[in-house]
Amino acid sequence: ATSTLPGARPCIPKDFGHGSLVCVCNATYCDTLDPLVLPAPGSYVKYESSKAGKRLERSAGKFQRSLRTPGSATGGWRCHRGTPRHRGLSRALPAGLLLTLNISTLYQHVKGFGGSFSDAAAMNILKLSQPAQDNLLRSYFSESGIEYNLVRVPMACSDFSVRPYSYDDVPNDYELKHFRLADEDVKMKV
């Protein structure tokens, strides 16, 4: 069974006419989430966004305990969503979803989640008032936001820069004696 739980502060949608919505975040308001809490063993929490208007909509449910998962004798958890019951592992089901987890096999370690902090992002953030900047950054990095803990910063320019630049354009400077950060780095990214 899946239950839907409301978010702390809902999205105030704004349509810019390009077929998708953005949530208003300004000096006085930003949507927020309830504090993230790890679900109990055998349970899951799902956040869903969609073009239809869902914005990090939270729902929770319980996995169905299975004695055996396909290809494993150790057991695991199964989650069913939708009406028909399907047997075996399936990637996509039009009428529902079957997800089988083998909890005895781990493939990778997740260090965190985040995004890119490019010149374009920095320029847009710096155009906001200080309270709006605070709200925006809080919505990404705080416990009342989506709790990003990693950021990728491009070295020198990228396709989101207003001009091409690098840190050392002097030919044959293998010792990097002319290495310098660009104004974009000093004023916007560091």
Side-chain angles (χ1 to χ4, degrees), residues 4-39 44-60 99 101 106-190:
T4 301
L5 304 171
R9 292 178 79 180
C11 169
I12 297 176
K14 182 167 178 117
D15 186 352
F16 285 97
H18 301 288
S20 63
L21 301 172
V22 297
C23 295
V24 171
C25 182
N26 57 35
T28 59
Y29 186 89
C30 250
D31 58 315
T32 60
L33 301 173
D34 286 326
L36 298 177
V37 177
L38 287 176
Y44 66 89
V45 174
K46 175 186 74 167
Y47 290 89
E48 185 177 359
S49 296
S50 71
K51 279 191 169 186
K54 290 183 180 181
R55 165 79 166 116
L56 294 171
E57 188 176 291
R58 183 182 192 269
S59 61
L99 173 68
L101 301 175
L106 303 177
Y107 292 98
Q108 60 192 15
H109 195 81
V110 177
K111 292 187 178 208
F113 295 91
S116 178
F117 201 86
S118 64
D119 292 6
M123 289 185 325
N124 286 312
I125 291 169
L126 290 172
K127 287 180 182 178
L128 299 173
S129 68
Q130 189 62 52
Q133 288 180 33
D134 293 344
N135 262 346
L136 179 64
L137 295 174
R138 191 177 305 114
S139 76
Y140 281 105
F141 298 101
S142 77
E143 289 182 2
S144 64
I146 56 176
E147 296 190 56
Y148 274 7
N149 62 341
L150 297 173
V151 174
R152 179 181 63 84
V153 179
M155 292 181 65
C157 74
S158 73
D159 51 343
F160 293 105
S161 299
V162 295
R163 68 180 183 92
Y165 63 92
S166 73
Y167 296 140
D168 190 348
D169 288 331
V170 176
N172 303 318
D173 184 12
Y174 301 114
E175 294 179 14
L176 298 176
K177 290 181 180 178
H178 298 278
F179 178 91
R180 300 286 181 273
L181 291 177
D183 285 343
E184 287 85 346
D185 295 299
V186 176
K187 293 177 182 172
M188 299 187 301
K189 294 189 288 189
V190 178

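Model, not experiment: these values are computed from the prediction. Each residue takes its place number in the sequence, starting with 1.
- Every residue was checked against the disulfide bond (SG atoms under 2.5 Å apart) condition with Cys157, not counting sequence neighbours, and none meets it.
- The backbone N or O of Leu128 lies less than 3.5 Å from a partner atom in the side chain of Gln133, making a donor-acceptor pair.
- Closest approach of Tyr148 and Gly115 over heavy atoms only: CE2-N, 3.6 Å.
- Of all non-hydrogen atoms in Ser116 and Arg152, the two that sit nearest each other are OG-NH2, 3.1 Å.
- Residues Asp185 and Leu181 approach most closely at CB-CB, 4.1 Å, considering heavy atoms.
- Taking a 6.0 Å sphere around CZ of Phe160, one finds it holds 12 or fewer heavy atoms contributed by other residues, nucleotides or ligands.
- Side-chain contact between Tyr167 and Leu176 is absent, with no heavy atoms from C-beta onward closer than 4.5 Å.
- The environment of Tyr140 atom OH is sparse: at most 12 non-hydrogen atoms of other residues, nucleotides or ligands sit within 6.0 angstrom.
- One finds the CZ atom of Phe117 at 9.0 Å from the CE atom of Met188 (value rounded to the nearest 0.5 Å).
- With hydrogens and angles disregarded, no donor-acceptor distance shorter than 3.5 Å links the side chain of Asp168 to the backbone of Arg180.
- Remark: Gln130 CD is packed, more than 12 non-hydrogen atoms of other residues, nucleotides or ligands lying under 6.0 Å away.
- Counting all heavy atoms, side chain and backbone alike, Lys187 lies closest to Leu126 at O-CD1, 3.9 Å.
- Rounded to the nearest 0.5 angstrom, Glu184 CD and Asp119 CG are separated by 5.5 Å.
- Across the pair Cys23 and Cys30, the gap between the SG atoms, which is the quantity tested here, reaches or exceeds 2.5 Å.
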